[in-house]
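Read through the structure below, which is laid out as structure tokens, and then see the notes.
In what follows, residues are counted from 1 in the order of the sequence shown. None of the values given here were measured: they were computed from a predicted structure. Values below: all heavy atoms of this structure, side chains included; hydrogens, waters and symmetry mates excluded.
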Amino acid sequence: PDEGWEEVTIGETARWWTHCYLRPDANMIIGRVNVASSELLLVEQRDLKAILPQGCLFDPTQSFKLVHSLLQQAISLPVGQYCMSHRLGEDCVRFFRAAPEED
């Protein structure tokens with residue numbers, strides 16, 4: 001950015017937004033650091049509405065649709081222990097049921 005501070009990643013934005021969503025009265029305190037000098041340039045306080053900058057690629061609506069879909073699939077499974085797997089770039093998630101313990 002023009003100001004000299006580091007850019008926030010989509011992953012960081014998503015974590016911040018989720019943190020504030022799950023804790024409705026929470027605010028994030030964000031320190032802006034000059035990447036060249038490591039000098040603290042700015043301290044910001046943001047609430048849930050201010051976490052997502054204009055033009056941000058993180059879309060909470062899409063993320064919650066995905067989580068809702070996963071939970072719907074998980075609750076339809078028989079009671080047991082499962083491992084959920086997702087490969088980068090794939091549009092599906094796999095649930096693997098734990099093998100029964102041998103005596």
Side-chain angles (χ1 to χ4, degrees):
D2 298 337
E3 294 83 3
W5 54 59
E6 77 283 6
E7 291 187 44
V8 178
T9 67
I10 296 171
E12 288 171 323
T13 302
R15 280 192 301 280
W16 294 349
W17 189 91
T18 303
H19 176 87
C20 287
Y21 180 81
L22 295 174
R23 298 162 188 86
D25 295 327
N27 288 309
M28 298 295 296
I29 305 295
I30 302 165
R32 297 297 203 152
V33 177
N34 182 306
V35 294
S37 67
S38 299
E39 175 187 2
L40 182 63
L41 299 175
L42 177 69
V43 177
E44 301 174 83
Q45 181 173 334
R46 293 189 188 176
D47 63 8
L48 181 63
K49 294 176 184 168
I51 292 290
L52 302 177
Q54 190 173 18
C56 177
L57 298 177
F58 171 67
D59 180 5
T61 306
Q62 281 300 107
S63 298
F64 275 108
K65 284 181 183 177
L66 175 62
V67 170
H68 181 264
S69 174
L70 288 171
L71 291 175
Q72 287 297 109
Q73 291 177 32
I75 63 174
S76 70
L77 297 169
V79 174
Q81 294 181 336
Y82 294 86
C83 177
M84 185 173 64
S85 173
H86 174 263
R87 290 189 179 157
L88 183 64
E90 288 187 351
D91 61 353
C92 65
V93 173
R94 292 177 179 84
F95 289 92
F96 296 96
R97 187 168 188 175
E101 292 186 27
E102 295 181 15
D103 291 331

### Glu12 side, atom CD; Ile51 side, atom CD1 - distance, nearest 0.5 Å
11.5 Å
### Query
Could you go step by step and tell me if Val8 and Arg32 meet the side-chain contact (heavy atoms from CB on, under 4.5 Å) rule?
CA-CA 10 Å; Val8 178; Arg32 297 297 203 152; 3.7 Å; yes
### Task
Take Ser69 and Gln73 through the side-chain contact (heavy atoms from CB on, under 4.5 Å) test and state the conclusion after the steps.
CA-CA 6 Å; Ser69 174; Gln73 291 177 32; 3.5 Å; yes
### Spacing of Ile29 atom CD1 and Arg46 atom CZ [to the nearest 0.5 Å]
11.0 Å
### Task
Measure the NZ-NE2 distance between Lys65 and His68 for me, rounded to the nearest 0.5 Å.
11.5 Å
### Query
Just wondering, more than 12 heavy atoms not from Tyr21 lying within 6.0 Å of its OH?
no
### Task
Enter the distance from Asp25:CG to Asn27:CG here, rounded to the nearest 0.5 Å.
8.5 Å
### Summary
Separation between CH2 (Trp17) and CG (Leu22), nearest 0.5 Å, reads 8.0 Å
### Cluster link Val67 to Tyr82, ILVMFWY, side chain under 4.5 Å
no
### Task
Please check if Met84 and Leu77 belong to a single hydrophobic cluster, counting links between Ile, Leu, Val, Met, Phe, Trp and Tyr side chain heavy atoms closer than 4.5 Å.
yes
### Query
Hey, any chance Trp16 and Val43 share a hydrophobic cluster, counting ILVMFWY side chains that come within less than 4.5 Å of each other, even indirectly?
no
### Task
May I ask you to check whether Arg15 and His19 show a side-chain donor-acceptor distance below 3.5 Å?
no
## Note on the structure
Note: Pro60 and Leu52 closest approach over all heavy atoms is CG-CD1, 3.7 Å
Under 3.5 Å donor-acceptor pairs involving side-chain atoms of residues 93-102, not counting sequence neighbours:
{"unit_1": "Arg94", "atom_1": "NH1", "unit_2": "Glu90", "atom_2": "OE1", "d": "2.9"}
{"unit_1": "Arg97", "atom_1": "NH2", "unit_2": "Val79", "atom_2": "O", "d": "2.9"}

### Message
Would you say Phe64 ends up clustered with Phe58 if hydrophobic residues are merged whenever their side chains have heavy atoms under 4.5 Å apart, either directly or through other cluster members?
### Response
yes
### Query
So, for Ala26 and Cys20, which heavy atoms are closest and what is the spacing to 0.1 Å?
O-SG, 3.9 Å
### Query
How long is the gap from CG on Leu70 to NE2 on His86, to the nearest 0.5 Å?
9.0 Å
